[in-house]
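One structure is given here, and the rest of the page talks about it.
As a basis for the values below, the full set of heavy atoms in this structure was taken, side chains included, without hydrogen atoms, waters or symmetry mates. A, B, ... follow the sequence lines: proteins, then strands. Residue 1 opens every chain. Computed from a predicted structure; not experimentally measured.
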Amino acid sequence: MNAPLYIHNTLSRKKELFEPLNPPFTGLYVCGPTVYGDAHLGHARPAVTFDLVYRYLKHLGYKVRYVRNITDVGHLENDADEGEDKIAKKARLERLEPMEVVQYYTDRYHEDMDQLNVLKPSIEPRASGHIIEQIEMVKAILDAGLAYEVNGSVYFDVQKYNEKYQYGKLSGRAVEDMQAGSRELDGQGEKRHPADFALWKKAAPQHIMRWPSPWGEGFPGWHLECSAMSAKYLGDQFDIHGGGMDLLFPHHECEIAQSNATYGKEAVRYWMHNNMITIHGQKMGKSLGNFITLREFFDGSHHSLDRAYDPMTIRFFILQAHYRSTLDFSNEALDAAEKGLKRLLQAHDTLKKLHPSDTSDADHGDLAEKCHAALLDDFNSPVAIAHLFDTVKTINAAKDGKAKLNKADLQRLQEVFNTFVDEIFGLRDTLSRPEDTGQKTIYGLMDLILELRQEARKNKDWDTADKLRDRLKEVNIAIKDGKDGATWEYANN
RNA sequence: GGUCUCGUGGCCGAGGGGCUAGGCAGAGGUCUGCAAAACCUCCUACAGCGGUUCGAAUCCGCUCGAGACCUCCA
């Protein structure tokens with residue numbers, strides 16, 4: 001916690017020294033998914049990015065309250081006046097109760113996140129469970145004179161707000177410029193200004209998600225939930241707010257406006273935005289229809305995938321790029337990530353079994369320092385991983401007897417790998433050891449087979465030795481002969 | 001059209017005025033019954049054109065190219 005952490009703040013577009021409001025406590029709010037479909041690769045990016053932030057802050061000694069919401073109401077399909085709630089639409093199409101849709105996809109989202117070894121947030125609030133808080137917030141904004149009611153709907157008065165505050169400061173826009181872009185939209189009739197946005201919408205008769213309010217039956221506006229729920233659980237001022245870059249405008253801009261209007265002060269101190277995942281250089285997104293769901297990655301069922309990819313490969317793939325850079329997906333890139341990850345994890349495993357030498361022929365004391373320096377510099381995971389790879393060479397050389405590591409160095413490296421690979425990067429060794437129920441049996445059988453094969457080799461019975469290896473290869477088990485006997489692992493191809 | 005990013009070796013990706021990240025692929029070698037793995041060596045790039053500077057991939061300008069946001073989107 002004493003180590004100086006620098007975070008790139010979208011507000012200033014600079015790296016700033018992280019100074020929490022109430023150390024050792026710190027609050028982190030991240031925009032979670034709208035649960036009307038399965039999570040795709042793009043959803044994995046913020047999940048993994050802010051999982052790293054969460055894990056690292058905890059490692060630094062902060063008491064982190066991590067809030068990540070589930071959006072289960074309020075995101076409209078199209079324009080405000082003719083739009084339909086995404087979840088309501090899905091429910092109507094599938095003839096389900098809206099909350100059935102929400103439950104189904106929330107459960108699946110959780111399963112996917114577990115697969116990626118993403119830690120659960122401290123609180124995972126749902127928008128539908130905070131209608132009262134949102135209504136209270138609308139009232140407060142009305143009281144502040146920064147919103148107006150029209151026909152049972154309430155809109156935020158951006159122009160009036162802009163007299164005292166600065167709307168557009170986060171995304172670098174000016175209110176005057178926004179008219180041009182909004183010109184083409186229809187149904188702006190109720191709004192005084194094109195940039196105004198809904199805080200509360202009157203529900204049309206056929207609308208199936210609706211709640212009573214002082215303005216009639218309706219539902220909360222698109223951006224209100226995050227303002228209301230972050231304030232409820234983290235206070236009207238908190239440290240870090242994260243989310244995808246595509247939420248910068250209008251979502252986060254509106255959040256800032258709502259909080260200022262309600263509390264008269266800036267709610268968020270550090271805004272963090274992860275960049276997009278691209279496919280063939282183009283953003284992977286729902287609206288473009290070019291997304292691949294995480295489940296499709298895990299079972300290889302999508303047509304543009306050559307094969308299935310382990311969740312840890314996806315996680316490592318994301319961690320190998322800096323969170324503020326775009327990351328281009330391709331089968332080749334994932335293949336490369338998988339091989340690299342395997343090398344890293346095998347070295348991690350080797351490290352645990354290595355026998356210490358009397359001396360060391362190099363100093364490895366600064367590895368932890370280097371890795372920390374990388375992460376303290378705006379969570380630069382790829383650089384930290386590069387440092388780990390440098391050490392992988394040493395570890396493998398030591399295994400081959402070509403390098404020496406004494407007890408102290410060995411212990412230090414083990415600690416660094418435990419800390420960074422396991423604890424901070426959350427990389428589980430599922431590649432070489434799937435969590436089978438029959439795992440023990442398999443290990444026992446393999447011990448026996450290797451023993452028999454070793455005898456055959458001793459007797460120079462190569463036919464038997466090769467037969468065992470070839471037949472095991474057919475069931476995706478690879479044998480590797482080394483100096484100190486043979487080892488085996490699951491082969492992917 | 002407006003606002004803003006980015007263009008790095010065969011591929012993915014860091015870095016960001018002098019100290020040539022890392023991964024994957026490729027070539028050669030060591031080891032080995034064979035194979036695989038591992039290790040060693042090699043492959044030294046920053047879109048183009050100007051400018052600033054003793055020195056630029058890194059700063060500035062222009063050109064070309066790609067992308068994001070301006071409507072829901074992680």
Side-chain angles (χ1 to χ4, degrees), chain A residues 13 30-34 36 39-50 75-80 83 86 168 171-174 176-185 195 222 242-251 253 273-278 281-288 291 316-317 320-322 324-330 332-341 343-344 346-347 350 374 377 380-390 392-403 457 460 462 465-466 469-470 473 478-483 486-487 489 491:
Chain A
R13 289 162 209 282
V30 175
C31 291
T34 305
Y36 65 108
H40 63 255
L41 184 59
H43 293 97
R45 187 106 199 245
V48 170
T49 296
F50 293 103
H75 279 240
L76 298 192
E77 190 74 26
N78 277 307
D79 180 60
K86 281 182 172 170
S171 54
R173 284 155 217 270
E176 308 85 67
D177 298 338
M178 283 175 211
Q179 300 186 39
S182 314
R183 193 192 302 146
E184 299 151 28
L185 295 173
W222 314 250
M245 261 182 192
D246 49 354
L247 297 179
L248 225 149
F249 188 91
H251 187 56
E253 202 70 73
H273 290 94
N274 63 273
N275 214 319
M276 301 293 103
I277 286 182
T278 56
Q282 197 180 38
K283 175 186 168 182
M284 183 181 282
K286 268 212 154 106
S287 48
L288 291 163
F291 61 91
F316 187 67
F317 174 64
Q320 255 195 317
H322 185 84
R324 282 191 288 111
S325 299
T326 53
L327 176 58
D328 199 51
F329 152 81
S330 67
E332 295 71 29
L334 282 184
D335 288 342
E338 182 180 282
K339 285 181 185 169
L341 173 62
R343 206 160 103 87
L344 184 68
Q346 268 173 359
T350 302
D377 183 16
N380 199 328
S381 52
V383 166
I385 288 169
H387 291 314
L388 292 176
F389 270 117
D390 285 337
V392 166
K393 278 187 185 164
T394 309
I395 294 167
N396 284 328
K399 186 179 71 173
D400 288 359
K402 288 172 183 164
R457 292 179 72 216
K460 298 204 186 285
W462 308 125
D466 289 352
R469 186 174 58 196
D470 293 344
K473 183 80 185 167
I479 299 292
K480 293 178 185 175
D481 293 323
K483 273 188 176 147
T487 58
E489 64 188 32

Requested in this report: Quote, to the nearest angstrom, the C1' distance that separates B:C70 from B:C60.
Outcome: 29 Å
Report task. In whole angstrom, give me the gap between the P atoms of B:G13 and B:A47. Result -> 15 Å
Report task. Select from A:Arg13 and A:Thr394 the residue whose nearest nucleotide in RNA chain B is closer to the 5' end of that strand. Result -> A:Arg13
Query raised in the report: Out of curiosity, A:Asp246 CG to A:Asn274 CG, how far, rounded to the nearest 0.5 Å?
Result: 8.0 Å
**Report entry** Closest approach of A:Phe249 to A:Ser171 (non-hydrogen atoms, all atoms of both residues)
**Finding:** CD1-OG, 3.3 Å
Report task. Indicate the atoms forming the closest heavy-atom contact of A:Val383 with A:Ala374, along with that distance. Result -> CG1-CB, 3.7 Å
Requested in this report: Quick one: label A:Met245 by what it contacts on the DNA or RNA (base, sugar-phosphate, nothing), any heavy atom closer than 4.0 Å.
Outcome: nothing
Report task. Just jot down the side-chain contact (heavy atoms from CB on, under 4.5 Å) partners of A:Ala47, sequence neighbours excluded, or say none. Result -> A:Tyr109, A:Met113, A:Val118
Requested in this report: Tell me which nucleotide among B:G22, B:A74, B:C70 gets nearest to the side chain of A:Arg173.
Outcome: B:C70
Query raised in the report: Do A:Leu344 and A:Val392 touch side chain to side chain, with heavy atoms closer than 4.5 Å?
Result: yes
**Report entry** Pairwise P distance, B:G7 and B:G17 [rounded to whole Å]
**Finding:** 14 Å
**Report entry** Between P of B:C4 and CG of A:Leu247, the distance in whole Å
**Finding:** 20 Å
Report task. Only counting residues at least two apart or in another chain, list the ones meeting side-chain contact (heavy atoms from CB on, under 4.5 Å) with A:Ser330. Result -> A:Glu332, A:Ala333
Query raised in the report: In whole Å, what is the span from the NZ atom of A:Lys283 to the P atom of B:A66?
Result: 19 Å
Query - Contact summary for A:Phe291 and A:Gly285, nearest pair of heavy atoms - result: CD2-O, 3.5 Å
Output a table of nitrogen or oxygen pairs between the protein and nucleotides 34-38 of chain B separated by less than 3.5 Å.
{"unit_1": "B:C34", "atom_1": "O2", "unit_2": "A:Arg469", "atom_2": "NH2", "d": "2.6"}
{"unit_1": "B:C34", "atom_1": "N3", "unit_2": "A:Arg469", "atom_2": "NH1", "d": "2.9"}
{"unit_1": "B:C34", "atom_1": "N3", "unit_2": "A:Arg469", "atom_2": "NH2", "d": "3.3"}
{"unit_1": "B:C34", "atom_1": "N4", "unit_2": "A:Asp481", "atom_2": "OD2", "d": "3.1"}
{"unit_1": "B:A35", "atom_1": "N6", "unit_2": "A:Asp481", "atom_2": "O", "d": "3.4"}
{"unit_1": "B:A35", "atom_1": "N1", "unit_2": "A:Asp481", "atom_2": "N", "d": "3.2"}
{"unit_1": "B:A35", "atom_1": "N3", "unit_2": "A:Arg469", "atom_2": "NH1", "d": "3.1"}
{"unit_1": "B:A36", "atom_1": "N1", "unit_2": "A:Asp481", "atom_2": "O", "d": "3.0"}
{"unit_1": "B:A38", "atom_1": "O3'", "unit_2": "A:Asn396", "atom_2": "ND2", "d": "3.1"}
{"unit_1": "B:A38", "atom_1": "O2'", "unit_2": "A:Asp400", "atom_2": "OD2", "d": "2.9"}

Requested in this report: Measure the spacing between CD of A:Gln320 and OG of A:Ser381 and express it to the nearest 0.5 Å.
Outcome: 9.0 Å
Query raised in the report: Closest approach of A:Leu247 and A:Cys31, non-hydrogen atoms and distance?
Result: CD1-CB, 3.6 Å
**Report entry** Integer-rounded Å distance: B:A66 P and A:Leu288 CG
**Finding:** 17 Å
Query raised in the report: Is there a side-chain contact between A:Arg45 and A:Asn275 (heavy atoms, below 4.5 Å)?
Result: yes
Could you go through nucleotides 43-47 of chain B and list every protein N or O atom that sits under 3.5 Å from one of its N or O atoms, giving the distance for each pair?
none

Query - Nearest-angstrom distance from the residue atom CG of A:Asn275 to C1' of B:A66 - result: 13 Å
Query raised in the report: Which heavy-atom pair separates A:Phe329 from A:Leu334 by the least distance, and what is that distance?
Result: CE1-CD1, 3.7 Å
Query raised in the report: So which one's nearest nucleotide on RNA chain B is more toward 5', A:Met276 or A:Gly281?
Result: A:Gly281
Query - From CG (A:Leu248) to CZ (A:Arg173), nearest 0.5 Å - result: 8.0 Å
Report summary line: Value for CG (A:Asp466) from CD1 (A:Ile479), rounded to nearest 0.5 Å, stands at 11.5 Å
Report task. Check the distance between B:G23's P and A:Ile385's CD1 and give it to me in whole angstrom. Result -> 12 Å
Report summary line: Expected string for nucleotides 8-21 of chain B under the B/S/- scheme (protein heavy atoms, under 4.0 Å, primed atoms plus P, OP1, OP2 as sugar-phosphate) is ----SSSS-----B
Query raised in the report: Charged N to carboxylate O under 4.0 angstrom, A:Asp470 versus A:Lys473?
Result: no
Report task. Please state the C1' separation for the pair B:A25 and B:G15 - nearest whole angstrom. Result -> 22 Å
**Report entry** Distance between P atoms of B:C43 and B:U63 (Å, rounded)
**Finding:** 38 Å
Query raised in the report: What base-paired stems does RNA chain B take part in, with at least 3 consecutive Watson-Crick or G-U wobble pairs and both distances under 3.5 Å?
Result: B:1-7 with B:64-70, B:10-12 with B:22-24, B:26-30 with B:38-42, B:47-51 with B:59-63
**Report entry** Rounded distance in Å - NZ (A:Lys460) to P (B:G33)
**Finding:** 7 Å
Query raised in the report: Are the ring of A:Trp462 and the six-membered base ring of B:G33 within the stacking cut-offs of under 5.5 Å and under 30°?
Result: yes
Report task. Could you give the distance separating B:G48 and B:U58 at their P atoms, to the nearest angstrom? Result -> 10 Å
Query raised in the report: Where is the tightest heavy-atom contact between A:Met245 and A:Met276, given as atom of each residue plus distance?
Result: N-CE, 3.4 Å
